[in-house]
Amino acid sequence: MSNVAKHPVLVFGMGVVAGYLVYKYRKEIISGTTKAVDAGKDFVLQQKENLEDIVAESKE
């Protein structure tokens with residue numbers, strides 16, 4: 001990997017390949033990211049509700 005980092009043409013080529021792959025699979029990347037964000041939001045809301053329940057029980 002150190003040889004790749006030393007040659008600017010190889011670094012440029014890797015960037016072109018990475019850009020092509022991101023462009024080709026952009027819809028899948030966006031849908032996967034959206035699913036992950038939604039799952040994270042649901043998890044946070046669930047934990048917030050659990051915390052509110054625990055606080056309400058401790059006040060009683």
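We're numbering straight along the sequence, starting at 1.
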Only distances under 3.5 Å count here; give the side-chain donor-acceptor pairs of residues 22-37 to other protein atoms, sequence neighbours excluded, each with its distance to 0.1 Å.
unit_1 : atom_1 : unit_2 : atom_2 : d
Arg26  : NH1    : Tyr23  : O      : 2.7
Ser31  : OG     : Lys27  : O      : 3.3
Ser31  : OG     : Glu28  : O      : 3.0
Thr33  : OG1    : Ile29  : O      : 2.7
Thr34  : OG1    : Ile30  : O      : 2.7

Cut-off 3.5 Å, no hydrogens considered: what does the side-chain donor-acceptor table look like for residues 44-56, sequence neighbours left out?
unit_1 : atom_1 : unit_2 : atom_2 : d
Asn50  : ND2    : Gln46  : O      : 3.4

Hydrophobic cluster identity match, Tyr20 and Val17, side-chain contacts under 4.5 Å | yes
